[in-house]
Asker: 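One structure is given below, represented as structure tokens, and several questions about it will come after.
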Amino acid sequence: MAMTPRERVIAALKQESLDRPPVAVFTQSATLDQMDAVGAAWPEAHKNADLMAKLAAAQADHNGTECVRASFCLTAETEALGARVAVDKKDAAPMIKEHPLHFDAMMGEYDDPAEKLISPEEMIKTGRPAVVIEAVEKLKKSHGENYAVVAGNTGVITLTGNMVNTENIIFGILMAPDEVDKWCNFMTPYVRTYTEALWAAGADCVQCSEPTGSTDMLAPDMFEGFVGKYISKALAPKADAYSILHICGNTEPILQMMVDTKVTGISIEEKVEPEVACGKVGGKTCMVGNVGSVMPLFQGTPDQVKAAAVRSAKAGFNIISSGCGIAPGTPDANYNAMVEAIKSL
């Protein structure tokens, strides 16, 4: 009996043997082509649960992937906690315009977040986090029987940087590491509470993006002290509640440390060759990726996309996905080529 897309994705998350890996975009999945096809578009789909659910399902309904996924950015929590965020474009993700808290390692000046922030329990009932949770509930009802429901949220050090400016956190690691540790410990319950709420709403898996953990931002020897130990708490999976840690850039030096966080799986970019990634940590965790979101998905040809997708599958990736968030301008021809390449294996 043929597996449903949901059964295939869940089996892959468990690293069970399959005839082929599922193809399912776990990172930001929305495109302009999808928006026009299903009648749900940014910026409204960031703020309205019905539109968000419709666009989140478009990767399956319109492009034929094997999951559905909300939300579409890394600013929902930050906005709910007081940042000024511009949510106003159809072809670009929301942008933080003003950070709500102050952290200046050079001057030794720090706000006390406990005095200025609402609680984690209040955050998930506020603004766009509440919209995402409602959209996940709708996706569970409309697509959950046949498709895996994936929900996206923001990692601890990335969320902390969003609150005070990431550059200030990087300086803080060098000049006031104990203060950064206090801030990240304070923010960890926000990520955990949101993760739990997304599972409770019906998400099979929470995919957490932690771009500030990239080796482009932090030296590899900083990973455990300023990323890994918080993620281990914020994303600890439970029975039938899975978690994926996504980090951008060249993750080769930190692959094992990502695995050591004990998340269900890791999502990585094409900057690590798939054979190298699977050779290092394949079999230790569920591997998600790593078809390049810029090249070939956005800028390449369908044949280039097919070759990249097949390469990731043959290398041993458990779930074939874009290496990072899908660019909104990614053409259907390339999106569909990734799907067709894997389904025809």
Side-chain angles (χ1 to χ4, degrees), residues 46 71 73-88 92-130 132 152-195 197 208-235 245-249 253-254 257 261:
H46 290 295
S71 62
C73 77
L74 301 181
T75 64
E77 305 98 304
T78 310
E79 185 180 51
L81 292 173
R84 185 166 62 87
V85 179
V87 189
D88 56 4
M95 294 290 292
I96 298 171
K97 296 297 185 181
E98 184 177 337
H99 305 280
L101 298 180
H102 180 69
F103 184 110
D104 189 334
M106 306 237 354
M107 300 296 294
E109 298 173 354
Y110 320 104
D111 280 340
D112 181 353
E115 294 181 354
K116 300 202 172 187
L117 295 184
I118 60 175
S119 69
E121 293 74 21
E122 290 173 296
M123 184 196 76
I124 62 173
K125 298 175 182 177
T126 301
R128 286 193 287 133
V132 177
N153 68 357
T154 308
V156 175
I157 195 168
T158 301
L159 179 57
T160 305
N162 284 355
M163 299 304 294
V164 299
N165 189 321
T166 299
E167 191 174 279
N168 291 341
I169 288 295
I170 302 302
F171 278 122
I173 289 173
L174 300 174
M175 302 182 67
D178 290 345
E179 201 66 31
V180 174
D181 186 58
K182 290 178 186 177
W183 275 75
C184 289
N185 273 315
F186 184 86
M187 297 307 300
T188 297
Y190 289 86
V191 182
R192 182 64 191 184
T193 300
Y194 194 23
T195 298
C208 182
S209 294
E210 189 70 291
T212 306
S214 168
T215 57
D216 294 338
M217 304 288 285
L218 301 180
D221 62 6
M222 296 176 176
F223 184 89
E224 174 52 32
F226 294 99
V227 182
K229 69 180 183 181
Y230 311 118
I231 287 295
S232 294
K233 297 175 184 177
L235 289 187
L245 172 61
H246 173 80
I247 295 182
C248 308
I254 58 173
M257 288 182 275
T261 63

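Keep in mind that this is a model prediction, so the values were computed, not measured.
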Asker: Please check: side-chain N/O of E77 versus main-chain N/O of T154, any donor-acceptor pairing under 3.5 Å?
Answerer: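 Yes: the side chain of E77 pairs with the backbone of T154.
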Asker: Between G155 and V191, which heavy-atom pair has the shortest distance, and what is it?
Answerer: C-CG2, 4.2 Å
Asker: Under the side-chain contact (heavy atoms from CB on, under 4.5 Å) test against L74, which residue among S209, P94, C208 passes?
Answerer: S209
Asker: List the atom pairs, with distances to 0.1 Å, where a side-chain N or O of residues 173-180 and a protein N or O form a donor-acceptor pair under 3.5 Å, not counting sequence neighbours.
Answerer:
none

Asker: Which salt bridge (charged side-chain N to carboxylate O under 4.0 Å, His left out) pairs, counting each pair once, include a residue from residues 108-120, with sequence neighbours left out?
Answerer: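 Of all non-adjacent pairs touching residues 108-120, those that pass salt bridge (charged side-chain N to carboxylate O under 4.0 Å, His left out) are D111-K116.
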Asker: P113: which residues meet the side-chain contact (heavy atoms from CB on, under 4.5 Å) condition with it, sequence neighbours left out?
Answerer: L101, L117, W183, F186
Asker: When you look at T75 and M95, which way does the side chain to side chain contact (heavy atoms under 4.5 Å, CB included) test go after all the steps?
Answerer: CA-CA 7 Å; T75 64; M95 294 290 292; over 6 Å; no
Asker: Just one of T261, D181, T188, N185 clears the side-chain hydrogen bond (donor to acceptor under 3.5 Å, both in side chains) bar with Y230, so which one?
Answerer: D181
Asker: Taking all non-hydrogen atoms of both residues into account, name the closest pair between D104 and Y110 and its distance.
Answerer: O-CE2, 4.0 Å
Asker: Which heavy atom of G161 sits nearest to which heavy atom of I169, and what is that distance?
Answerer: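 Nearest pair, atom of G161 first, then I169: CA-CG1, 3.8 Å.
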Asker: Could I get the full list of side-chain contact (heavy atoms from CB on, under 4.5 Å) partners for A86, not counting sequence neighbours?
Answerer: D88, K97
Asker: Kindly determine whether T212 and I170 satisfy side chain to side chain contact (heavy atoms under 4.5 Å, CB included), including the steps that lead there.
Answerer: CA-CA 9 Å; T212 306; I170 302 302; 4.2 Å; yes
Asker: Hey, what do you get for CZ (R192) to OG1 (T195), rounding to the nearest 0.5 Å?
Answerer: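 Rounded to the nearest 0.5 Å, the CZ-OG1 separation comes out at 6.5 Å.
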Asker: What is the distance from atom CE of M217 to atom CE of M222, rounded to the nearest 0.5 Å?
Answerer: 11.5 Å
Asker: Kindly give the heavy-atom pair with the smallest separation between P220 and P253, and that separation in Å.
Answerer: CG-CB, 3.8 Å
Asker: Are any side-chain N or O atoms of N162 and backbone N or O atoms of A83, one a donor and one an acceptor, separated by less than 3.5 Å?
Answerer: no
Asker: Please test E210 against T158 for side chain to side chain contact (heavy atoms under 4.5 Å, CB included), starting from the C-alpha separation and ending with a verdict.
Answerer: CA-CA 6 Å; E210 189 70 291; T158 301; 2.5 Å; yes
Asker: Scan for salt bridge (charged side-chain N to carboxylate O under 4.0 Å, His left out) pairs involving residues 216-225, sequence neighbours excluded, and state none if there are none.
Answerer: none
Asker: Do any pairs count as a salt bridge (charged side-chain N to carboxylate O under 4.0 Å, His left out) and have a residue in residues 121-130, sequence neighbours left out, and if so which ones?
Answerer: E79-R128
Asker: Please assess I118 against L81 for the test side chain to side chain contact (heavy atoms under 4.5 Å, CB included), listing each intermediate value before the final yes or no.
Answerer: CA-CA 7 Å; I118 60 175; L81 292 173; 3.8 Å; yes
Asker: Looking at every heavy atom in both M163 and H99, which two are closest together, and how far apart are they?
Answerer: O-CB, 3.3 Å
Asker: Compare every heavy atom of G213 with every heavy atom of V227, then report the nearest pair and how far apart it is.
Answerer: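 In terms of heavy atoms, the two residues are closest at CG2-CA, 3.8 Å.
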